[in-house]
Amino acid sequence: MTTPHEAAGFGAGSTATTPTLQVSDLHKSYGGNEVLKGVEFAIDKGQVKAVLGPSGSGKSTMLRLMALLEPADRGSIMLDGTRIGAATQNGKIVHHSERRLAVQRRDIGMVFQKFNLFPHLTALQNVVVGLTDVQGMHKTQARDVAFQMLTKVGLADRDGHFPSELSGGQQQRVAIARALVLNPQVMLFDEPTSALDPELVGEVLEVMENLAAAGMTMIVVTHEVRFARRAADEVTLFDSGVIVEQADPTSFFENPQHERTKRFLSHVH
Ligand SMILES: Nc1ncnc2c1ncn2[C@@H]1O[C@H](COP(=O)(O)OP(=O)(O)OP(=O)(O)O)[C@@H](O)[C@H]1O
Ligand SMILES: [Mg+2]
């Protein structure tokens, strides 16, 4: 199957053995608080990984580092076999310039718990700005492309609405469209449905499941066990700054190997 990325010419040069995104020995501290303690993580093209874990364990921090929104203290992030974000010189990590980071960030889409839409822009304009300002696309073409993406997330009839005129589920779908329209190689989701009323969770999960089925590479931090079971290729338990367990959904939920995972699942179920 040809994924939208392949059709768009992305991923050229990648082989079956090169993960789309791979982090190694990732460390991050805030003050004296060591939040990430050597995270090892890899995701292959077209894979969907669900990440579960207790509050404060460092899940959001891990995603922010992967999205190059914050610098790592140590370790590396590889996108399609190329290191991004920083280089190592004489054993020390040297972060790339803000300008270079801005270019690298285009390949990584991120969706946050709180949609972060521009309140003074309509749904369509929220999707258009990335295309015009980041990609330099002409406004007329950008509007067409953005409208197609809004249609894909089921919001063709809401293009002229401002965020304050949209439900939480609709706002989150605009946020997903805004990230997708830039054609990222990988999409990171940080608890995308946690801020939603229960009856709005389904419409956002449906968009994400469609995306997964279309071959998007996705890392999804979530509490939604249903989503993890249905859409994920692999489920990960994250705790205290490290990955504790990774397995296919059936093994993870039915036959977890680690005591920590069993304890965590006993609270979730
Ligand atoms: N910018 C920051 N400055 C200082 N401490 C931070 C910062 N960001 C996160 N932390 C701390 O890092 C730890 C991990 O936070 P993080 O948000 O990554 O956890 P999380 O697993 O996403 O939790 P939750 O499930 O509640 O979203 C917490 O102790 C938090 O207080
Ligand atoms: Mg978080």
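Counting starts at 1 for both ligands and their atoms, following the listed order.
Checked by atom type and distance alone, the side chain of Asn126 pairs as donor or acceptor with a backbone atom of Thr122 at under 3.5 Å. Between the side chain of Lys45 and the main chain of Gln185, no donor-acceptor pair closer than 3.5 Å is present. The main-chain N or O of Met218 is never found under 3.5 Å from a side-chain atom of Gln47 such that the two would form a donor-acceptor pair.
Closest to atom 8 (N) of ligand 1 among all protein heavy atoms lies Arg64 NH2, 3.3 Å. In this structure, the protein non-hydrogen atom closest to atom 16 (P) of ligand 1 is Thr61 OG1, 3.6 Å. At the top of the distance list for atom 17 (O) of ligand 1, counting protein heavy atoms only, stands Ser60 CB, 3.7 Å. Of all protein heavy atoms, the one closest to atom 25 (O) of ligand 1 is Lys59 NZ, 2.8 Å. Of all protein heavy atoms, the one lying nearest to atom 9 (C) of ligand 1 is Tyr30 CE1, 3.5 Å.
Counting only heavy atoms, the protein never gets under 4.0 Å from atom 31 (O) of ligand 1. Under the 4.0 angstrom criterion, atom 13 (C) of ligand 1 counts as having a protein heavy-atom contact.
Only side-chain heavy atoms of Asn33 come within less than 4.0 Å of ligand 1; its backbone N, CA, C and O stay farther off. Under 4.0 Å from ligand 1, the heavy atoms of Val35 that appear belong solely to its side chain. For Gln113, no heavy-atom contact with ligand 1 is shorter than 4.0 Å. By the criterion of a heavy-atom distance under 4.0 Å, the side chain of Glu191, and not its backbone, is placed next to ligand 1.
For the atom pair Leu124 CG and Arg158 CZ, the distance stands at 14.0 Å (nearest 0.5 Å).
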Salt bridge (Lys or Arg N to Asp or Glu O under 4.0 Å) between Arg74 and Asp25, worked out: CA-CA 7 Å; Arg74 203 166 102 198; Asp25 196 33; 3.4 Å; yes
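With a 6.0 Å radius and a threshold of 12 heavy atoms from other residues, nucleotides or ligands, Arg106 has its CZ atom above the threshold. Within 6.0 Å of NZ on Lys262 lie more than 12 heavy atoms contributed by other residues, nucleotides or ligands.
Contact between Glu70 and ligand 1 is absent, with no heavy atom of the residue lying under 4.0 Å from the ligand. Assignment of Gly56 to the shell around ligand 1 is supported, since a heavy atom sits closer than 4.0 Å.
Checking Ser60 against the Mg ion (ligand 2), an N/O/S atom falls under the 2.8 Å cut-off.
In this structure, a donor-acceptor pair under 3.5 Å is present between the side chains of Thr236 and Gln246. For the residue pair Thr88 / Arg83, a side-chain donor-acceptor distance below 3.5 Å is found, with atom types taken as modelled.
Of all atoms in ligand 1, numbered sequentially from 1 with element shown, those under 4.0 Å from a heavy atom of Pro54 are 21 (O).
Among Ser55, Gly58, Gly241, Gly53, the residue whose heavy atom sits closest to atom 24 (P) of ligand 1 is Ser55.
With a 4.5 Å cut-off on side-chain heavy atoms, Phe264 and Glu245 do not count as touching.
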